[in-house]
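Just so you know, residue 1 is the first one in the sequence shown, and it goes up from there.
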Amino acid sequence: MPHEITPSDDMPEIVASCGVSDGDILVVAQKAVSKQEGRIVRLDSIRPSPLAEGIASQYGKDPRIMHLILAESRRIIRMGRGIIIVETNSGLVCANAGIDESNMEAGYAALLPKDPDASALAMSLKIKEITGNSIPVIISDTFGRPFRMGQTDCAIGVCGLDPILDYAGKRDSFGRNLRVTEIAIADELCAAAELVMGKSLGNPAAIIRGYEFDPGNGTSARLLRPEPEDLFRN
């Protein structure tokens, strides 16, 4: 059985012991970060509010989980077909505020890190303190997508690189100017890392080596579409 991350574990120490070099990128699963930061809730400690009880009965959800969803959300964006889409307190738009019982001991649920960008920064700084190497850190989570089937891993926390590669002003292979092409490289790196980490393999992190990137001070906020431009929220 793989070792489960706990608050007593030092994730940067674990990563450093695996050997990291300048130019590497570290992708860490959100669940591991949440466990290390103590963002784990025992469900029998929750006393659901009347609102949580009402929504839960309508949507077939555990009222304790619904109570946590409401507590972790700025607002509910959509509800329907048993799905609840919210804007979390950190600004992410996702199902169930990212609250998850998978890969958890029975009776427990994991919340998202309070500030995933701050978590990524703290991990990067500690790795540099240990190894002397500046390593970008991306915290990944699995999201559904409103216009496509299946889920894919996306970046919810970023430190040490610009999460978007902007091609605006460059030319395509036929010499035409590109005007709006922006590639969410942080999301693509998360998706690639998930192929190695898996959902049930007990691999909480992956090191990406050999990808050329420009170091930067980007955060996951760059990946969030402004509400006036978001067809899903309008």
Side-chain angles (χ1 to χ4, degrees), residues 2 5 11 14-15 18 20-21 23-36 83 85-88 90-104 110-113 115-117 119-121 123-124 127 135-168 178 180-225 229-232:
I5 300 296
M11 285 288 291
I14 294 172
V15 171
C18 296
V20 290
S21 306
D24 289 349
I25 300 171
L26 175 67
V27 179
V28 186
Q30 163 269 318
K31 189 69 62 63
V33 177
S34 292
K35 289 178 178 180
Q36 198 276 322
I83 298 172
I85 306 295
V86 305
E87 182 178 356
T88 70
S90 62
L92 298 169
V93 175
C94 59
N96 301 327
I99 294 168
D100 191 3
E101 296 175 82
S102 66
N103 290 314
M104 295 293 301
L111 313 180
L112 294 180
D115 186 340
D117 286 325
S119 299
L121 175 60
M123 192 171 297
S124 180
I127 291 172
I135 305 297
V137 175
I138 304 174
I139 297 174
S140 69
D141 197 9
T142 304
F143 279 18
R145 300 162 295 169
F147 309 116
R148 296 181 70 84
M149 296 298 293
Q151 291 81 39
T152 186
D153 272 30
C154 298
I156 65 169
V158 176
C159 167
L161 55 75
D162 192 329
I164 288 181
L165 180 58
D166 189 353
Y167 281 94
L178 297 170
V180 296
T181 303
E182 294 182 321
I183 304 300
I185 58 170
D187 287 345
E188 292 188 333
L189 292 168
C190 286
E194 196 279 329
L195 297 175
V196 180
M197 293 157 64
K199 291 291 178 284
S200 58
L201 300 178
N203 297 327
I207 296 170
I208 295 175
R209 181 165 293 163
Y211 175 76
E212 294 185 7
F213 65 93
D214 292 324
N217 297 317
T219 68
S220 64
R222 179 93 192 276
L223 294 163
L224 302 179
R225 189 179 298 278
E229 301 174 14
D230 189 345
L231 296 176
F232 186 69

**Student:** Going by the rule salt bridge (Lys or Arg N to Asp or Glu O under 4.0 Å), which residues pair with Asp141 if we only count those two or more places apart in sequence or in a different chain?
**Tutor:** none

**Student:** In chain order, what residues pass the salt bridge (Lys or Arg N to Asp or Glu O under 4.0 Å) check against Arg225, with sequence neighbours excluded?
**Tutor:** none

**Student:** Under 3.5 Å, is there a donor-acceptor pair between the side chain of Asp24 and the main chain of Arg209?
**Tutor:** no

**Student:** Could you grab the distance from atom OG of Ser220 to atom CG of Asp115, nearest 0.5 Å is fine?
**Tutor:** 8.0 Å

**Student:** Please list, chain by chain and in numerical order, all residues satisfying side chain to side chain donor-acceptor pair (under 3.5 Å) with Arg148, sequence neighbours excluded.
**Tutor:** none

**Student:** Please name all residues satisfying side chain to side chain donor-acceptor pair (under 3.5 Å) with Thr219, sequence neighbours left out, ordered by chain then number.
**Tutor:** none

**Student:** Among all residues two or more places apart in sequence or in another chain, which pass the salt bridge (Lys or Arg N to Asp or Glu O under 4.0 Å) test with Glu87?
**Tutor:** Arg74, Arg75, Arg233

**Student:** Measuring from atom CG of Leu112 to atom SG of Cys94, what distance do you get when rounded to the nearest 0.5 angstrom?
**Tutor:** 6.0 Å

**Student:** Write down the atom of Phe143, the atom of Cys154, and the distance for their closest heavy-atom approach.
**Tutor:** CB-SG, 4.1 Å

**Student:** Has the side chain of Ser124 got a donor or acceptor atom that lies under 3.5 Å from a matching backbone atom of Pro136?
**Tutor:** no

**Student:** Who passes side-chain contact (heavy atoms from CB on, under 4.5 Å) against Val27, sequence neighbours left out?
**Tutor:** Ile138, Ser140, Cys190, Ala193, Met197, Ile208

**Student:** For Thr152 and Ala191, which heavy atoms make the closest approach, and how far apart are they?
**Tutor:** OG1-CB, 3.6 Å

**Student:** List for me each residue that meets side-chain contact (heavy atoms from CB on, under 4.5 Å) alongside Asn96, sequence neighbours excluded, and say none if there are none.
**Tutor:** Lys61, Ile69, Ile84

**Student:** Rounded to the nearest 0.5 Å, what separates atom CD1 in Ile25 from atom CD1 in Ile185?
**Tutor:** 7.0 Å

**Student:** Rounded to the nearest 0.5 Å, how far does CG of Leu189 lie from CG of Asp153?
**Tutor:** 11.5 Å

**Student:** Report the distance from atom CG of Asp162 to atom CD of Glu182, rounding to the nearest 0.5 Å.
**Tutor:** 9.0 Å

**Student:** Measuring only between side-chain heavy atoms, which start at C-beta, is Ile164 closer than 4.5 Å to Ile183?
**Tutor:** no

**Student:** Can you name the residues that form a salt bridge (Lys or Arg N to Asp or Glu O under 4.0 Å) with Arg145, not counting sequence neighbours?
**Tutor:** none

**Student:** Shortest non-hydrogen contact from Pro116 to Ile139?
**Tutor:** O-CD1, 3.3 Å

**Student:** Give the table of side-chain donor-acceptor pairs shorter than 3.5 Å for residues 28-36, with sequence neighbours excluded, one pair per line with atom names and distance.
**Tutor:**
unit_1 : atom_1 : unit_2 : atom_2 : d
Gln30  : NE2    : Ser34  : OG     : 2.8
Lys31  : NZ     : Asp100 : OD2    : 3.2
Lys31  : NZ     : Ser102 : O      : 2.6
Lys31  : NZ     : Ser102 : OG     : 3.4
Ser34  : OG     : Gln30  : O      : 3.2
Ser34  : OG     : Leu111 : O      : 2.6
Lys35  : NZ     : Glu4   : OE1    : 2.3
Lys35  : NZ     : Asn103 : O      : 3.0
Gln36  : NE2    : Asp9   : O      : 3.1

**Student:** For residues 210-220, which residue pairs qualify under salt bridge (Lys or Arg N to Asp or Glu O under 4.0 Å), counting only residues two or more places apart or in two chains?
**Tutor:** none

**Student:** Considering all heavy atoms of both residues, which atom of Ala97 and which atom of Thr88 are nearest to each other, and what is their separation?
**Tutor:** CA-CG2, 3.8 Å

**Student:** Tell me every residue that passes side-chain contact (heavy atoms from CB on, under 4.5 Å) with Gln151, counting only those two or more places apart in sequence or in another chain.
**Tutor:** Thr142

**Student:** With Leu224, which residues qualify under side-chain contact (heavy atoms from CB on, under 4.5 Å), at least two apart?
**Tutor:** Leu92

**Student:** Could you pull out the closest heavy-atom pair between Ala120 and Gly157, with the gap in Å?
**Tutor:** CB-C, 4.2 Å

**Student:** Quick check for you: to the nearest 0.5 Å, what is the distance between Ile14 atom CD1 and Ile127 atom CD1?
**Tutor:** 10.5 Å

**Student:** Which heavy atom in Phe213 sits nearest to a heavy atom in Tyr211, and how many Å separate them?
**Tutor:** CD2-O, 3.4 Å

